[in-house]
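Residue numbers start from 1 in every chain, and the chains themselves are labelled A, B, ... in the order their sequence lines are given, proteins ahead of strands. Quick caveat: nothing in here was measured; it's all calculated off a predicted structure.
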Protein chains: 2
Amino acid sequence: MADHVVSTERSRGGMSEQRRRRVRLEISREAARLFWAQGVDGTSGDQIAEAVGLSTRTIWRHFRSKESCAEPIVAQSVEWELATLRSWPLHRSLEEHFATEAKRLVSEISPSEQADAGLGVKMIRLAETEPALRTAWLMACDQVEHELAAVIATRLGLKPDALQVRLHAAAAAAALRVINEYVGAGLLDGTDPRELGDESFAFIADAVRTATGGAVGDPVQLDEAPAAPDEGAADRQE
Amino acid sequence: MADHVVSTERSRGGMSEQRRRRVRLEISREAARLFWAQGVDGTSGDQIAEAVGLSTRTIWRHFRSKESCAEPIVAQSVEWELATLRSWPLHRSLEEHFATEAKRLVSEISPSEQADAGLGVKMIRLAETEPALRTAWLMACDQVEHELAAVIATRLGLKPDALQVRLHAAAAAAALRVINEYVGAGLLDGTDPRELGDESFAFIADAVRTATGGAVGDPVQLDEAPAAPDEGAADRQE
DNA sequence: AGTGACACTGTCACTAAGTGACAGATATTG
DNA sequence: CAATATCTGTCACTTAGTGACAGTGTCACT
């Protein structure tokens, strides 16, 4: 029985991971709705449980705290940025890549994803005044920072934990955070989505380029990556 | 000494403000010690209260949550950066200013402040693994970001909430955060303080300059500040 | 089909975080 | 000393979150 392990192990442990994510997202949707409608403090765990049709105990089995119920929705709202960064080819400029990816995204987005995105924006807005939610938002930004570190590391031919890379990644991620907050606030205040959307991707690329002192944004030649002409003090770190 | 306005007016509502800060700091010291020794989850509010010699109820009067007990110690550990930024004269370069301020600081620091700084570094380290503390650390970084926004705004002749300013401030603050984490981790891992200290202030200035795309760091002429092409990219913000 | 293993959920009792309300202590002012 | 306002301790209380146990559905193997 030890030889055909594959199918058994998948069906047991693997099915749940997908299912678990769906349940968490479902809980997160209801929690976000309630948080937005009544505030975080004004929403109890029991209310969330009732809204999603589960027992309170089960909520705590999926989320370690009330605030963290918002995490999946918030995380999903930066997921497209993560995906875009992951798929950024070496030979393209950031502007080009963001422009094409943004266009593709707009055409492919489903109504339910759009609703989730709306909730995500609201949570980000709420995070400015509700310190409890701020953690969730900053966690998502942290994800972006790590993804950026990986991308930048390969582009500059350095390790992801080199100080130089971490600095660039942190600065660029911070810029992305500010833009997200800015765009989100604009949307919620009634600015026309099209107006913001059209300029935003060019803006994003420019912000990343600036925040990294111009080190990240241009196309990279394959033979150029490992070369990295001594940038002084930074390379003594690993 | 202060028999006049200061003492009277403060004694009613405001005397407490100074005293309150001292009490909060005292609590924060004990909390940080315990957090470091036993972890955050392993430390109860009752323990903190007992360690500092107050009732548990009084702890909650000074801090809205257990984790926030760490805030004052963490905040104090970036206080010198805030002060240094506040006192940055227009006509000096960031490198010069940081170098002189750092020297002055090293000579003036008291043993108790040194102990507090040690605790602060430990809390920052702990924040990497304890999400509960991460909020405190990021709050402190947020302070730095706001201070930076104010400084950058006056240097560029823009408003503090202009998008351009917010982007620069966020990127620079993120860079400072990474450096703080890097230096702190180095200290805790036994690196010689002198080795890190000597290069760090030059490093800081350089990081800020890079993160702002070179826009922040140079001396500013007085007549140049308000000049900035006033209807440029950043003005769509109000 | 039957049986055991396992993952998921609900129920309930419990710990710990945090608040409200009241009373006593302390300090400042007149 | 009297008057007032802030600070603190005590205690009862709400709520977030956990541990333990039991019931249910699903899959695997026979």
query = Between Phe35(A) (CZ) and dA16(D) (C1'), how many Å, whole number?
reply = 12 Å
key: Spacing of Ile59(B) atom CD1 relative to dC7(D) atom P, expressed in whole Å   = 15 Å
inquiry  = So, using side-chain hydrogen bond (donor to acceptor under 3.5 Å, both in side chains) as the criterion, who are the partners of Arg64(A) when residues are at least two apart?
reply    = Glu71(A)
request  = Classify every nucleotide of nucleotides 11-24 of chain C by which part a protein heavy atom approaches to under 4.0 Å, writing B for the base, S for the sugar-phosphate alone and - for neither, in 5'-to-3' order.
outcome  = B-----SBBBB---
inquiry  = Does dT8(D) have its OP1 or OP2 closer than 4.0 Å to a side-chain nitrogen or oxygen of Arg19(B)?
reply    = yes
message = Within the supplied structure, the quantity of interest is the number of heavy atoms (other residues, nucleotides, ligands) at a distance under 6.0 Å from Arg22(A) CZ; does it exceed 12?
response = no
inquiry  = I'd like to know if the side chain of His97(A) and the backbone of Thr84(A) have a donor-acceptor N/O pair within less than 3.5 Å.
reply    = yes
note = note: Leu54(A), atom CG; dC8(C), atom C1'; distance rounded to Å ~ 10 Å
key: salt bridge (charged side-chain N to carboxylate O under 4.0 Å, His left out) contacts in which one or both residues fall within residues 175-185 of chain B, not counting sequence neighbours   = Glu145(A)-Arg177(B), Arg177(B)-Glu181(B)
ask   = So what's dT15(D) paired with, Watson-Crick or G-U wobble, going by both distances under 3.5 Å?
value = dA16(C)
Salt bridge (charged side-chain N to carboxylate O under 4.0 Å, His left out) partners of residues 103-128 of chain A, not counting sequence neighbours, each pair once = Arg29(A)-Asp116(A), Glu101(A)-Arg104(A), Arg104(A)-Glu108(A), Arg125(A)-Asp189(A)
request  = Classify the ring geometry between Trp80(A) and Phe98(A) as parallel (under 30°), tilted (30 to 60°) or perpendicular (over 60°).
outcome  = perpendicular
task = Consider only side-chain N and O atoms of His168(B) and Thr210(A), and report whether a donor and an acceptor are under 3.5 Å apart.
result = no
key: Rounded distance (Å) that lies between atom P of dT26(D) and atom CZ of Arg20(A)   = 20 Å
ask   = For DNA chain D, what residues of residues 23-33 of chain A have any heavy atom nearer than 4.0 Å?
value = none
message = Is it the case that over 12 heavy atoms from other parts of the model lie below 6.0 angstrom from the CD atom of Glu50(A)?
response = no
task = Rounded to the nearest angstrom, tell me the gap between atom CD in Gln18(B) and atom P in dA27(C).
result = 16 Å
query = Does a side-chain N or O from His62(A) land closer than 4.0 Å to OP1 or OP2 of dC8(C), or not?
reply = no
request  = Give the rounded distance in Å between these two atoms: CG of Leu34(A) and P of dA16(D).
outcome  = 13 Å
ask   = Does anything in residues 32-48 of chain B pair up under salt bridge (charged side-chain N to carboxylate O under 4.0 Å, His left out), and if so which pairs, sequence neighbours excluded?
value = Glu30(B)-Arg33(B)
